[in-house]
2 protein chains.
Amino acid sequence: MTSRRRQVLEILMAAADHPTASELFVRAREACAGVSMATVYNCLEALARNGLVRQVHIARDATRFCANPVDHAHFYCEACGRVFDVEYEKARPGPAVVLPAGFHATHRELSVRGRCAACGRKGRAKARAAWGRAKRKGL
Amino acid sequence: MTSRRRQVLEILMAAADHPTASELFVRAREACAGVSMATVYNCLEALARNGLVRQVHIARDATRFCANPVDHAHFYCEACGRVFDVEYEKARPGPAVVLPAGFHATHRELSVRGRCAACGRKGRAKARAAWGRAKRKGL
DNA sequence: CTAGGTGCAAAAGGTTTGCGGTTAA
DNA sequence: TTAACCGCAAACCTTTTGCACCTAG
């Protein structure tokens with residue numbers, strides 16, 4: 001665990017959204033100039049290997065990262081592209097599958113896709129644009 | 001529904017694995033020369049929009065496609081990179097989440113990661129190489 | 001006739017890699 | 001000391017886009 005990795009982890013834990021590696025790279029550069037893209041990827045991979053962050057494969061564009069340690073699922077809004085944490089139902093705390101003999105599972109990932117409350121029934125283009133504007137103005 | 005789309009769908013339905021767009025492109029060219037990558041992507045997107053194929057976002061490298069119509073989850077072997085269909089437990093037929101107010105879900109996708117039976121506890125490199133060799137020899 | 005599908009090539013990201021220099025254990 | 005890490009730049013691969021032509025309804 002090096003100082004770079006601690007920095008990346010702190011930035012990710014402070015993030016309410018689910019940033020991509022590029023987004024984390026931008027935030028890391030703000031915190032300290034001279035960080036490289038390769039290092040961000042390197043750190044994220046090491047942190048994921050140690051179970052400190054989760055890689056979220058939910059959108060086609062890029063891998064998102066999540067430092068929330070509690071077991072949860074993710075919601076992807078197909079209109080604005082944002083990713084949200086969602087809880088499992090208490091009565092059915094998690095999905096169960098029948099693995100073929102000899103298969104050994106280490107992780108699972110449940111993704112739900114649809115529309116978030118903010119996007120409602122707005123058109124996809126309109127919703128994405130609205131969120132882009134809001135983001136540029138600083139959330 | 002055009003002839004190209006029918007072709008792509010047939011190739012995907014005939015596939016036991018979960019091919020990427022590039023892999024489908026190769027198989028499509030064998031079936032009929034002169035198909036372009038853009039068309040394969042175009043067809044897959046149209047077929048997905050109509051619910052005839054599912055996009056599987058499970059690996060970081062590329063989107064996989066699946067024409068199996070029954071509700072099921074996917075298993076990704078972290079050693080060889082293959083993707084398998086897995087069934088839900090009958091008692092707990094599907095994952096349930098608590099969506100925030102105003103959120104509307106259209107799809108869900110459960111991914112399990114780990115090691116398949118063939119890879120067992122072989123090293124990642126060795127397992128991937130073994131599968132690559134087997135594939136080159138024609139499965 | 002007209003909207004949408006197709007082929008080609010080029011571009012646009014996201015991610016990985018090779019290499020020289022640096023740092024943690 | 002030595003294996004692992006960092007920064008830089010280039011490479012790689014997947015996916016998208018612009019444009020001209022063709023096809024289905």
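In the text below, chain A, chain B and the rest are named by the order of the sequence lines, each starting its count at 1. Just so it is clear, the model here is predicted, and its values are computed rather than measured.
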For the pair made of CG in B/Leu47 and C1' in C/dG5, what is the distance, rounded to whole Å?
13 Å

Whole-Å distance between C/dT6 C1' and B/Gln7 CD?
12 Å

Reckon B/Ser36 has a side-chain N or O less than 4.0 Å from the OP1 or OP2 of C/dT6?
no

Spacing of B/Arg4 atom CZ relative to D/dC22 atom C1', expressed in whole Å
12 Å

Main-chain N/O of B/His57 paired to B/Thr63 side chain as donor or acceptor, under 3.5 Å:
no

Check B/Val56, B/Ile58, B/Val86 against B/Ser111 for a side chain to side chain contact (heavy atoms under 4.5 Å, CB included) and give me the one that passes.
B/Ile58

Could you list who else is in B/Met13's hydrophobic cluster, with ILVMFWY side chains joined at under 4.5 Å, directly or through other members?
B/Met1, B/Val8, B/Leu9, B/Ile11, B/Leu12, B/Leu24, B/Phe25, B/Val35, B/Met37, B/Val40, B/Tyr41, B/Leu44, B/Leu47, B/Leu52, B/Val53, B/Phe65

Full working for side-chain contact (heavy atoms from CB on, under 4.5 Å) between A/Asp17 and A/Arg64:
CA-CA 9 Å; A/Asp17 53 351; A/Arg64 314 300 182 98; over 6 Å; no

side-chain contact (heavy atoms from CB on, under 4.5 Å) evaluation trace for B/Asn68 with B/Arg54:
CA-CA 8 Å; B/Asn68 180 346; B/Arg54 281 172 62 183; over 6 Å; no

What does the inter-axis angle of the helix from C/dC1-D/dG25 to C/dA25-D/dT1 come out as, five pairs per end, nearest 10 degrees?
50°

Heavy-atom closest contact (A/Tyr88 atom, A/Ala73 atom, distance):
CE2-CB, 4.0 Å

Between A/Arg49 and A/Glu45, does any side-chain N to carboxylate O distance fall below 4.0 Å?
yes

Just do the side-chain contact (heavy atoms from CB on, under 4.5 Å) check on A/Cys32 and A/Arg4 with the steps written out, would you?
CA-CA 10 Å; A/Cys32 69; A/Arg4 277 280 177 273; 3.7 Å; yes

Ring pair (Phe, Tyr, Trp, His ring centres under 6.0 Å) against B/His72, all qualifying residues, sequence neighbours excluded:
B/His74

Between atom CG in B/Asn42 and atom C1' in D/dA24, what is the gap in whole Å?
15 Å

Just by distance, do the side chain of B/Glu23 and the backbone of B/Thr20 share a donor-acceptor pair under 3.5 Å?
yes

Rounded off to whole Å, could you give me the CZ-to-C1' distance for the A/Phe25 and D/dG7 pair?
10 Å

Want to settle it: does B/Arg29 or B/Arg5 sit nearer the 5' end of DNA chain C, counting the closest nucleotide to each?
B/Arg5

Between P on D/dA4 and CZ on A/Arg49, what's the gap in Å once rounded to a whole number?
10 Å

Report the hydrophobic cluster partners of A/Val98, with the cluster defined as I, L, V, M, F, W, Y residues connected by side-chain heavy atoms closer than 4.5 angstrom, directly or transitively.
none

Walk along nucleotides 10-18 of chain C from 5' to 3' and tag each nucleotide B, S or - by protein heavy-atom contact under 4.0 Å, base first, then sugar-phosphate.
----SBBB-

What string of B, S and - do you get for nucleotides 19-25 of chain C, 5' to 3', when a contact is any protein heavy atom under 4.0 Å?
-------

